[in-house]
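Sequence lines set the chain letters: A, B, ... in the order given, protein chains first and strands last, and positions in each chain run from 1.
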Amino acid sequence: MPAGGTVAVVATPASDGPLRRLDPEDLGDHLDRLYRAAWALCGRREDAEDLVQETYARVLARPRWLRREDDLAYLLRALRNEYVSRARAAARRPSPVAIDGLHAEPPAPRGAWNPDAALEARELFAVIAALPPAARDVLVAVDVVGLSYGEAGRALGVREATVTTRLHRARLRVAAALHGEPDPLPASDPRAGARPRTA
Amino acid sequence: MTGGDDRAAEVGRRIRTVSDGVRAPASLRLASASEPVSRRAGLWRPVVAGGAMVALVLVAILAFAPGGRSPQPSLGDAAAVALRAPQQAPPRGPDGRLTVSSGGVRFPDYGAQAGWRPVGTRTDRLGGRTTVSVAYDASGARAGYAIVAGAPLPVPAGAQRLVYKGVPVAVVRHGDLRIVTWRRGGRTCVVAARGTSLDRLLDLVAQR
């Protein structure tokens, strides 16, 4: 075990290999993908910047030691946990109200993909952010960040088969939302809106 | 493959294509690149070492009030003062709570139950105005809260305007800098921090 300081160890079985330290100098390599994930979780670029910064600050607060999990999967899990913590804290505060419409973005027109890339990303991530947590998290892990099904399962604490099923349904919901169609899995459906296990 | 499978696969491809085109903003790259050094240096040093750079950036961005240069201090000047290192420990009353105020406007102190903990104060003259500041720490983050006497400080055009707990506030962002300002008791309150979300800074808007 390393000498000095507080050590944060990911709780995985000892059979998953030796401990290795998360190198702070490598975190910049994952910045783009974490920013995409944060945007898809929050639905707004400004909130995504805040979320990524706070996640990095927490991760870098002390040395991190991983076993089998790779850096990106670990960082995604940290990002998601930070997002959930902030959402819970925000729920306990009164919501600030915009008073001059500076951030009242009009809804994008439905029925077709917006050819403007920036607007498309904004609309797409807003739709993803509005998904139920279980669907959103899987979609973010696989399609936004690029994890494999196995990596996503380990990062989210679910089986790979569960990732496959949730991902399929999440994609169908996104397609319906973007085309102004009814949700293919309404809230009354027991398969919709399953709460994810805490990672 | 069914029609639903085709549609799901197409959506997946589209999400990946759009996502691949998204890059983190330059300000986030700079902030994340500097984070390891500041974290290793501890809490006080990044405030002192970064304070000069922050002050320069703030003055460059916010020194000019709308309509041109003004003899009065700018919001950026006040934020730079708020982020300076404290000069003394925060004075506390018999109950252990913070007793710092400026013109009757008290600085918040939520005690152990809240995130922001006052760690020091300072007093400056900003454009001839008395400016009292309190530094707050929360989970490794540092925020500076300054109360400036006198007329309102000009707010840059394009600032985000909100109402929080009944208080009209203006928010200015530049990279990882966040500045929140509002009026209370005839004074201008300015809270500034690097790498801290707006939600957390708004906790300091309420007075207690």
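- Looking at B/Arg7 and A/Glu181, a side-chain N of the basic residue comes within less than 4.0 Å of a carboxylate O on the acidic one, giving a salt bridge.
- Under a 4.0 Å N-O distance rule, the pair B/Arg200/A/Glu54 qualifies as a salt bridge.
- B/Arg178 and A/Asp50 are joined by a salt bridge, as a carboxylate oxygen and a charged side-chain nitrogen come within less than 4.0 angstrom of each other.
- Judged by distance alone, with hydrogens and angles left aside, the side-chain atoms of A/Asp32 form no donor-acceptor pair with the main-chain N or O of B/Arg23 at under 3.5 Å.
- Considering CD1 of B/Ile15 and CG of A/Leu167, their distance stands at 8.0 Å, rounded to 0.5 Å.
- In terms of the side-chain contact (heavy atoms from CB on, under 4.5 Å) criterion, residue partners of A/Arg33 (sequence neighbours excluded) are, by chain and number, A/Arg36, A/Leu72, A/Val145.
- Looking at A/Leu34, there are no atoms closer than 4.5 Å to chain B (heavy atoms on both sides), in backbone or side chain.
- We find the OG-CZ distance between B/Ser19 and A/Phe125 to be 4.0 Å, quoted to the nearest 0.5 Å.
- Scanning both residues, B/Gly4 and A/Leu172, for their nearest heavy atoms gives O-CD2, 3.4 Å.
- Of all non-hydrogen atoms in A/Gln53 and B/Thr196, the two that sit nearest each other are OE1-N, 4.3 Å.
- Between A/Arg171 and B/Glu10 there is no salt bridge, since no side-chain N of the basic residue sits under 4.0 Å from a carboxylate O of the acidic one.
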